[in-house]
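Keep in mind it's a predicted model, so treat the numbers as computed, not measured. Convention: sequence-line order gives letters A, B, ...; per-chain numbering from 1.
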Amino acid sequence: ETGVTQSPTHLIKTRGQQVTLRCSSQSGHNTVSWYQQALGQGPQFIFQYYREEENGRGNFPPRFSGLQFPNYSSELNVNALELDDSALYLCASSLARGVDGYTFGSGTRLTVV
Amino acid sequence: RKEVEQDPGPFNVPEGATVAFNCTYSNSASQSFFWYRQDCRKEPKLLMSVYSSGNEDGRFTAQLNRASQYISLLIRDSKLSDSATYLCVVTLNRDDKIIFGKGTRLHILP
């Protein structure tokens, strides 16, 4: 059984650019959620996808968007990057919208310069 | 009031001691509760779910108090390896939001 994998592990982008982060869910999981974690803070919920549809969203602007594919893998897209978008981006997968908790990937460290 | 609040600590506790910390939540419609553990520069890992009847897993006991809107985590006979940040998680199934606390840092001292 493979766990949650994220790519890339590290990324440096320039302010104003766009970025796509990828996540492969754990085998058998149909729900993926994305989080932004700044240093010294808890993860902030961005959104969740269940069976290819967004079914929950946190307080993030529309320039944060996502997709879930038929194999339940997912992408997080961020447009018009700002310096404050620099953070660790975590993906987590679960069964049935997280009823039994979430399994996290090791994250993508995004630096915006 | 913040949606989920935790004492950031750090809690500095001698090895073998018992330590407990709480997490309060503001939305009475919250439905699912979890404790996660996060080591420095690592991803969060599920420690345990928290059920209304309370639950225990080895040295760890979690409790939910719906009336006062808090959950607790008790660690008995603490080990050096218990040093980590403990994150409280609350989910609002009505609008599918997942809310993490900022975490409580625990240092177990030899």
Practice task
Check each atom of B/Gln6 against the heavy atoms of chain A and say whether the ones under 4.5 Å are side chain, backbone, both or neither.
Solution key: neither
Exercise for the section: Counting only heavy atoms closer than 4.5 Å, note whether A/Tyr102 contacts chain B via side chain, backbone, both or neither. Expected result: both
Problem - Parallel, tilted or perpendicular: ring planes of B/Phe11 versus B/Phe21, cut at 30 and 60 degrees - result: perpendicular
Fill in the blank from the handout: Only residue of B/Ser72, B/Ser52, B/Ser53 satisfying side chain to side chain contact (heavy atoms under 4.5 Å, CB included) with B/Gln63 is B/Ser72
Practice task
Answer yes or no: is there a side-chain heavy-atom contact under 4.5 Å between B/Leu64 and B/Tyr25?
Solution key: yes
Handout entry: When A/Gly58, A/Gly107, A/Gly42 are compared by non-hydrogen pairs under 4.5 Å with chain B, the top option
Key = A/Gly42
Practice task
Heavy-atom distances under 4.5 Å only: say whether A/Ser106 touches chain B with side chain, backbone, both or neither.
Solution key: both
Practice task
Please flag which part of B/Ile99 lies under 4.5 Å from any non-hydrogen atom of chain A: side chain, backbone, both or neither.
Solution key: neither
Handout entry: Step-by-step salt bridge (Lys or Arg N to Asp or Glu O under 4.0 Å) determination, A/Lys13 to A/Asp85
Key = CA-CA 10 Å; A/Lys13 287 288 197 178; A/Asp85 295 334; over 6 Å; no
Exercise for the section: Hey, can you tell me if B/Phe100 and A/Phe104 have their rings parallel, tilted or perpendicular (30° and 60° cut-offs)? Expected result: perpendicular
Practice task
Could you tell me whether A/Ile12 atom CD1 has more than 12 heavy atoms of other residues or ligands within 6.0 Å of it?
Solution key: no
Handout entry: A/Gln41 versus chain B, the contacting section by heavy-atom distance below 4.5 Å
Key = both
Completion exercise
Max heavy-atom pairs within cutoff under 4.5 Å with chain B, candidates A/Pro43, A/Ala92, A/Ser33, A/Gly40, goes to A/Pro43
